[in-house]
Amino acid sequence: MLNELDLDQINLCMEPPGEEPARQYYFMAKCREWVKDFEKKNGRPPSAFIQTFGCQMNAKDSEKLTGILEAAGYRTADSEEADFVLYNTCTVRDNANQRVYGRLGVLNGLKRKNPSMKIALCGCMMQETAAIEKIKTSYRFVDLIFGTHNIYKFAELLYAALEDHGMIIDIWENTDQIVEKLPAKRKFPFKSGVNIMFGCNNFCSYCIVPYVRGRERSRSPKDIIREAEALAADGVVEIMLLGQNVNSYGKNLDEPMSFAGLLKEIEKIEGIKRIRFMTSHPKDLSDELIEVMKHSKKICRHLHLPLQSGSTKILTAMNRKYTKEQYLALAEKIRKEIPDISITTDIIVGFPGETPEDVDHTIDVVKQVEYDNAFTFIYSKRTGTPAAAMENQVPEDVVKEGFDRLLDTVQKTAKKRAAMLQGKTMEALVEEKNEQDPTLMTGRLSNNILVHFKGDDTLLGKLVTVRLEECHGFYYIGTMVEGKN
Ligand code: SAH
Ligand code: SF4
Ligand code: F3S
């Protein structure tokens with residue numbers, strides 16, 4: 001791990017080193033010089049605010065960016081009234097983009113009040129040429145823009161932005177590089193995401209992710225295990241392994257390793273008590289994985305298995321590479337082998353060519369699988385994807401009708417599944433104080449359901465046993481029966 005001493009020993013009179021991560025340590029030290037100077041002039045350290053707009057992988061990137069800012073000496077601010085504001089963007093659906101533009105308008109006002117404020121944008125949306133063009137013309141006050149492939153260079157880019165007064169744009173088309181050993185600042189002391197792979201090779205026809213995150217690259221098992229061990233030593237009890245399709249982990253490694261094989265290694269790490277992962281593509285989910293999950297004491301009883309559509313016709317057009325029947329057979333096998341597992345999913349309504357009959361098939365799958373929860377999305381046209389060029393786009397009112405019907409079924413099955421836990425006593429990881437009622441703490445069950453119960457801050461990060469008393473649809477009110485560590 002990086003500490004202050006390492007940075008202080010760097011000779012800043014020398015040219016920056018060529019190799020990584022040494023080069024970034026050098027620029028962190030350079031930024032720290034700048035920060036010290038700022039402190040002298042202003043009587044306080046500069047503040048920084050990072051907003052994450054996207055998925056867990058985006059959130060993990062934000063933790064790395066925060067780690068670099070803290071190594072440079074910035075203090076974390078809890079609002080945009082800060083000296084440095086960074087938006088880590090998402091572009092998976094158009095509303096994610098619109099949120100960024102809306103917030104940028106507000107930032108412009110803040111920057112007028114504090115002209116020395118620096119504004120930076122990074123993340124998936126920045127990999128799109130159209131977004132960059134729009135920012136260059138309509139949002140001239142942005143100081144720094146970088147993408148998903150060169151995020152490891154953040155210290156170097158930050159230093160350039162601090163020294164420079166124009167708009168700096170550094171976007172790479174792709175990369176095969178994975179830079180290890182950069183700092184990160186966890187949002188929760190007791191749980192953490194761990195990247196196991198980057199990018200995606202699946203090219204589902206509606207999805208922009210492969211274009212903005214590049215090709216699939218797996219981290220070496222050695223690096224993943226080293227990180228998980230370091231996290232465990234630092235008090236982390238739950239880790240979530242992150243990748244767009246964790247089931248294809250390891251295929252491009254010099255010594256290939258399966259995802260199930262990786263899980264077995266991580267299970268051995270003392271101190272790690274819970275293991276989660278996101279996301280599983282149904283086409284690659286192996287019997288080996290089901291077997292490993294079934295016998296594991298640590299892998300949580302939760303599987304997120306995106307369906308996208310229950311109609312084979314639409315699934316084919318989506319390039320998902322499974323049929324309705326194959327998906328159903330897989331879900332049945334999982335439920336049979338691991339009866340206490342919760343299965344959640346993602347569904348898109350309104351993909352080009354989708355008819356009400358296709359939505360009927362999706363609803364049928366929801367009824368048969370009985371999802372514990374489902375995220376339902378209205379199809380969003382992403383420029384550059386094959387689906388965007390399809391002619392048979394669905395009218396808005398038809399989409400809305402299908403969406404409402406689906407949501408109704410999803411909510412009914414989710415409620416029914418949650419109600420089945422009534423009266424049970426289960427283990428929960430205490431994650432936070434309840435926002436509405438500070439006498440309550442919020443814990444997460446292995447199956448991802450939340451439970452609120454009377455308790456105090458001392459329980460944070462602890463595994464406790466809770467009796468589930470009142471089911472409120474998607475969460476429970478319960479009573480702590482015993483605390484343990
Ligand atoms: N890699 C993950 C998904 C990442 S994106 C997987 O394959 O499961 C998260 C979810 O966003 C997807 O599962 C999909 O349901 C949704 N999504 C992706 N592109 C979309 C689009 N163009 N319109 C609407 N929803 C979309
Ligand atoms: Fe997108 Fe499909 Fe890749 Fe998931 S698997 S990120 S939906 S292309
Ligand atoms: Fe969004 Fe990028 Fe994640 S597009 S969903 S932040 S990979």
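We count ligands from 1, going down the list as the structure has it; atoms in each ligand are counted the same way. Starting from 1, each residue takes its place in the sequence as its number.
- Among all protein heavy atoms, the one lying closest to atom 1 (Fe) of ligand 2 is C207 SG, 2.3 Å.
- Contacts between P210 and ligand 2, counted as non-hydrogen atom pairs separated by less than 4.0 Å, involve the side chain only.
- By heavy-atom distance, the residue among N202, T376, T91, V92 lying nearest atom 5 (S) of ligand 1 is V92.
- Those atoms of ligand 1 with a heavy atom of R382 less than 4.0 angstrom away are 22 (N).
- Both the backbone and the side chain of S380 come within 4.0 Å of ligand 1, counting heavy atoms alone.
- Nearest protein heavy-atom neighbour of atom 5 (S) of ligand 2: N202 ND2, 3.5 Å.
- Every N/O-N/O distance between N245 and ligand 1 stays at or above 3.5 Å.
- Taking a 4.0 Å cut-off on heavy atoms, I208 fails to register as neighbouring ligand 1.
- At least one N or O atom of Q244 sits closer than 3.5 Å to an N or O atom of ligand 1.
- Of all protein heavy atoms, the one lying nearest to atom 2 (Fe) of ligand 2 is C204 SG, 2.3 Å.
- Residue R320 approaches ligand 2 through these ligand atoms, each under 4.0 Å from one of its heavy atoms: 2 (Fe), 7 (S).
- Not a single heavy atom of H281 lies less than 4.0 angstrom from ligand 1.
- Less than 4.0 angstrom separates some heavy atom of Q308 from each of these atoms of ligand 1: 12 (C), 13 (O), 14 (C), 15 (O).
- When only non-hydrogen protein atoms are considered, atom 9 (C) of ligand 1 lies nearest to D346 OD2, 3.8 Å.
- Of the N and O atoms on the side chains of S62 and N88, at least one donor lies less than 3.5 Å from an acceptor on the other residue.
- At a threshold of 4.0 Å, the pair D364-R405 does not count as salt-bridged, since none of the basic side-chain nitrogens sits closer than that to a carboxylate oxygen.
- A distance-only check finds no donor-acceptor pair linking the side chain of T52 to the backbone of A59 [under 3.5 Å].
- Side-chain polar atoms of R382 and N97 form a donor-acceptor pair below 3.5 angstrom.
- Proximity of R213 to ligand 3, defined as any heavy-atom pair under 4.0 Å, is confined to the side chain (atoms from C-beta onward).
- Atom 19 (N) of ligand 1 has as its closest protein heavy atom Y206 CD1, 3.3 Å.
- For atom 6 (C) of ligand 1, the closest heavy atom belonging to the protein is T279 CG2, 3.8 Å.
- Every heavy atom of Q56 sits 4.0 Å or more from the atoms of ligand 1.
- Applying the 4.0 Å criterion to heavy atoms of Q244 picks out, from ligand 3, the atoms 7 (S).
- The side-chain heavy atoms of R93 and Y206, taken from C-beta on, include no pair separated by under 4.5 Å.
- Ring-plane geometry between F188 and F190 is classed as tilted, the angle between the planes lying from 30 to 60 degrees on a 0 to 90 degree scale.
- In terms of protein heavy-atom proximity, atom 1 (Fe) of ligand 3 is closest to C90 SG, 2.4 Å.
- A side-chain N or O of H452 and one of T442 form a donor-acceptor pair less than 3.5 Å apart.
- Of the protein's non-hydrogen atoms, the one nearest atom 25 (N) of ligand 1 is R93 NH1, 3.4 Å.
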Show your reasoning for whether side-chain hydrogen bond (donor to acceptor under 3.5 Å, both in side chains) applies to S258 and E288. CA-CA 9 Å; S258 68; E288 189 196 6; 3.2 Å; yes

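- Residue M57 does not touch ligand 3, judged by heavy-atom distances below 4.0 Å.
- Under 4.0 Å from ligand 2, not a single heavy atom of R382 appears.
- Closest to atom 3 (Fe) of ligand 2 among all protein heavy atoms lies C200 SG, 2.3 Å.
- Within the listing of ligand 1, atoms 14 (C), 15 (O), 17 (N), 25 (N), 26 (C) sit less than 4.0 angstrom from a heavy atom of I348.
- Without hydrogens or angle criteria, R219 side chain to N195 main chain gives a donor-acceptor distance under 3.5 Å.
- Of the charged side-chain nitrogens involved, at least one lies within less than 4.0 Å of a carboxylate oxygen, so that R444 and E431 count as a salt-bridged pair.
- Contacts with ligand 3 closer than 4.0 Å are made by side-chain heavy atoms of C124 only, the backbone lying farther away.
- Between atom 24 (C) of ligand 1 and the options D94, T385, I378, the minimum heavy-atom separation is to I378.
- For atom 3 (Fe) of ligand 3, the closest non-hydrogen atom on the protein side is C55 SG, 2.3 Å.
- The side chain of Y206, and not its backbone, has at least one atom closer than 4.0 Å to an atom of ligand 2 (non-hydrogen atoms only; side chain from C-beta on).
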